[in-house]
Amino acid sequence: MHTRQSATRLLRNVAGNRLQKRLAGNSNPSPQNLAVRLSKPGPNKNNKPSSPTDAEIVKWNKAISDHMRNSRCEAALHLFDTMPSRTTVSWNAMISGYLNNDRFDLARRFFDEMPDRNLVSWNVMISGYVRNYDLIAARRLFDEMPERDVVSWNTMISGYARNGFVDEAREIFDRMPVKKLVSWNVMISGYVRNHNMHAARCLFDKMPERDVVSWNTMISGYAQNGYVNEAREIFYQMPVKNSVSWNGILSGYIQNGRMEAARQLFELNSNWDTVSWNALMAGYVHRKRLVDARMLFNRMPGRDLVSWNTMISGYAQDGNLSEAQKLFEESPTRDVFTWTTMVSGYVQNGMLVEARRVFDEMPVKNSVSWNAMIAGYSQCRMMDEAKELFEAMPCRNISSWNTMITGYAQNGEIDHARQLFNEMPKRDSISWAAMLAGYAQGGYSERALHLFIQMNRDGERMNRSAFTCALSTCADIAALECGKQLHGRLVQAGYEMGCFVGNALLAMYCKCGSIDEAYDAFKEMPEKDLVTWNTMIDGYAKHGFGKKALVIFESMRMTSIKPDDVTMVGVLSACSHAGLVDKGIDYFYSMNRDYGMTAKAQHYTCMIDLLGRAGHLEDAQALMKSMPFEPDATMWGALLGASRIHGNTKLGEKAAERIFEMEPDNSGMYVLLSNLYAAAGRWSDVGKMRVTMRERGVKKVPGFSWIEVQNKVHTFSVGDSVHPEREKIYAFLEELDLEIKKLGYVSATKTVLHDVEEEEKEHMLKYHSEKLAVAFGILNVPHGRPIRVIKNLRVCEDCHNAIKHISKIVNRSIILRDSNRFHHFDGGGCSCGDYW
DNA sequence: CTAGGGTTAG
């Protein structure tokens, strides 16, 4: 037991004068700033503690936790401050309470200042760091603590696994001296979370005893990773089921988009609990079927807070703020969740004033609430307001900093972004990515590169996972030069052996369009795991080298590593992209025959694509009908694409209709259908499409392309008129145009629709962003080196045709990455074989 | 007061 010594002084230190002043003027105090107020010396501080009984202290402690659970930090602190004597448990309750309310700073101060720590204090603090995504700090505490119990070990395992470090989690798991049932469950759940069902199953089969949680973890793991059949198998095998088991199956259907199957199961029996109702309702909300969701909501026997929150967020995200507001007012109780939903609903619909009104009214805010409001301001380019909130918020977390960095970067204030990046206490992969993306999108490639180098210099920060993260950032923004630099540093650091980094390296080369260097890296990897093989296969497939992909697959079969469903997606899409119909069909059937795999939605999508492209539209439809689940928008999209290639307007319309039902905002599909009409000469339908798009408020994503030349990224958009070298580029394009027409190129104005006025059509076509970037590349990339262009959307058919001819005329190799795949143009042809 | 399974917000 301790006297109440330093709590007051402690808090005064925590708050700091600046914050205290700022909050003093706030007319609408949140509990967080009340906590600060209490730091002023209160009355009755000099009573000598009478000696309370143990039972009384337990009561006090319970009251503290209770306050904390209900986000009443100030009340908890008041109790803590005035209680006659404290135990370690009291301190622990405060720490845990603050952590639950996103006050990591206060929690740590209490932890540091407390007179005696027990095992729980350490464990609580570690779990706090885990929740704040700070695995390094968590690990430091874990290593420092004087002794560890099962909970300490389990917390670390779960912490690593939750944040994607499943190997580190396994390392801890293997090292722990005594494993309990929960330890096994945590580790299995870690594998599940990281989509490694194979490893999860191995552990599950090996574990000495199982309880209902172990079984349920496997059910939901299989279900959420798309193996509904396996989930059902486990479900039937398990000795004692509870409602969680049932809900695992139900939400498995829901998350795999099989709403009708979910519904059938749901109607089959009547003893579903509230969680089940909520899950089904959320499924409908997620698929924008608000009418169905509302019908369930009305029918529900017992609505809880989650039910109300789900329904409210459904309306809010759908833009129906008036209905959301109505339900919000009707709801019997509201929690932080409810309020935050309203705030972010208004924010997402650009209604900043309303958002702010709700935000000011809400009684308890957590970091999510603050971040939502900040994001709202920064999306509306109101960085001053965003900054004001950011500085006032008591519970800043990494997300808050990241939101601000992104905001500044997107508003062109790159230096402010960098300043925050430098100042922030902890960075995660998002922070680096945000900063790098800011540099990359703003054209500051040298600075992006420099940031990588700084990452390396920081030494400690540049561990294996940082390399992995940096490499995958390079892959995303197709920064090949940066990626190569990292590769160099990797070799210097002696890191290049492991699969972890090796796979990232491989993926980087693939996504940056350098498939040959990817293969070099692949060859040199001493150990190849499943991901290595999958990455290489998919890389070749995406680049249109289907036969090479299949060669890799055949070598993989010689090893002891078993292909999984991801492998097969790569193999099937290789066949599809390369037009290898019979091979594709063979492989599809071999999945079950040779490996006992059940084909998932993605495999069917590949097959529909494969059959469709090859002109077997009937077979594609037949396959769709025979599938064990409902077709999703991607499958109809594949069919629509195939219909376009083969000029089947009727089928295209049917597919499009289904897509618009499921994804009314998918602008790419509207364009695809328009192109189909245009190709058939149905101009009035083309016009109607344009009207429909306008009526439904579908915005076509503007297309842009970029190219890296001498460490600088050049971005182009349709009809670009801002690039400093535009005159030269346009003149060069005119010249090319004449040349390629001699080769038989016909401007395909008629087949391509873009949302520009009719008379501008031919003019605009010549100036699509990809053409501009290619022309710029030819003019500026030294001879003998490939020209690498990236486009955010699918490449336009006419441009594709033109670039093929251009590659022949200028005798250059042009590599174009679009949103779907890679195109290698060489000597007048393309690696995609005109199928894409 | 701390670790594992099914539903809601960034």
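Both backbone and side-chain heavy atoms feed into the values below; hydrogens, waters and symmetry mates do not. Letters A, B, ... are given to chains in the order of the sequence lines, protein chains preceding strands, and every chain is numbered from 1.
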Salt-bridge criterion met for A:Arg139 and A:Glu168 (N-O under 4.0 Å): no

Side chain to side chain contact (heavy atoms under 4.5 Å, CB included) involving A:Glu260 - partner list, sequence neighbours excluded: A:Arg289, A:Glu630

Sugar-phosphate only, base, or nothing, as touched by A:Gln379 at under 4.0 Å among non-hydrogen atoms: nothing

For chain A, the stretch of DNA chain B it reaches, first to last nucleotide, under 4.0 Å of its heavy atoms: B:dC1 to B:dG10

From CA spacing to verdict: salt bridge (charged side-chain N to carboxylate O under 4.0 Å, His left out), A:Lys62, A:Asp66: CA-CA 6 Å; A:Lys62 282 219 157 73; A:Asp66 198 52; over 6 Å; no

Evaluation steps, salt bridge (charged side-chain N to carboxylate O under 4.0 Å, His left out), between A:Arg356 and A:Glu385: CA-CA 11 Å; A:Arg356 183 56 190 255; A:Glu385 286 81 354; over 6 Å; no

Sugar-phosphate, base or nothing in reach of A:Asp273, heavy atoms under 4.0 Å: base

Sugar-phosphate only, base, or nothing, as touched by A:Ser183 at under 4.0 Å among non-hydrogen atoms: nothing

Short side-chain donor-acceptor distance under 3.5 Å, A:Asp304 and A:Asn278: yes

Sugar-phosphate, base or nothing in reach of A:Arg162, heavy atoms under 4.0 Å: sugar-phosphate

Exam field: side chain A:Asn225 to backbone A:Asn196, donor-acceptor pair closer than 3.5 Å: no

Touch class at under 4.0 angstrom, heavy-atom based, for A:Val182 against every strand present: base

Short side-chain to backbone donor-acceptor contact, A:Asn397 and A:Ser399, under 3.5 Å: yes

Sugar-phosphate, base or nothing in reach of A:Val186, heavy atoms under 4.0 Å: sugar-phosphate

Close residues, residues 326-340 of chain A, relative to DNA chain B [heavy-atom separation under 4.0 Å]: A:Phe337, A:Thr340

Criterion salt bridge (charged side-chain N to carboxylate O under 4.0 Å, His left out) on A:Asp105 and A:Arg109, from CA distance to verdict: CA-CA 6 Å; A:Asp105 49 346; A:Arg109 284 305 237 283; over 6 Å; no

Sugar-phosphate only, base, or nothing, as touched by A:Asn397 at under 4.0 Å among non-hydrogen atoms: base

Non-neighbouring partners of A:Ser313 that pass side chain to side chain contact (heavy atoms under 4.5 Å, CB included), sequence neighbours left out: A:Gln317, A:Thr341

For DNA chain B, the residues among residues 189-206 of chain A that have a non-hydrogen atom under 4.0 Å from it: A:Ser189, A:Arg193

Sugar-phosphate, base or nothing in reach of A:Asn242, heavy atoms under 4.0 Å: base

Residue list, side chain to side chain donor-acceptor pair (under 3.5 Å) with A:Asp112, at least two apart or on another chain: A:Arg108

Sugar-phosphate, base or nothing in reach of A:Asp304, heavy atoms under 4.0 Å: nothing

SB check A:Glu74 A:Arg103 (cutoff 4.0 Å): no

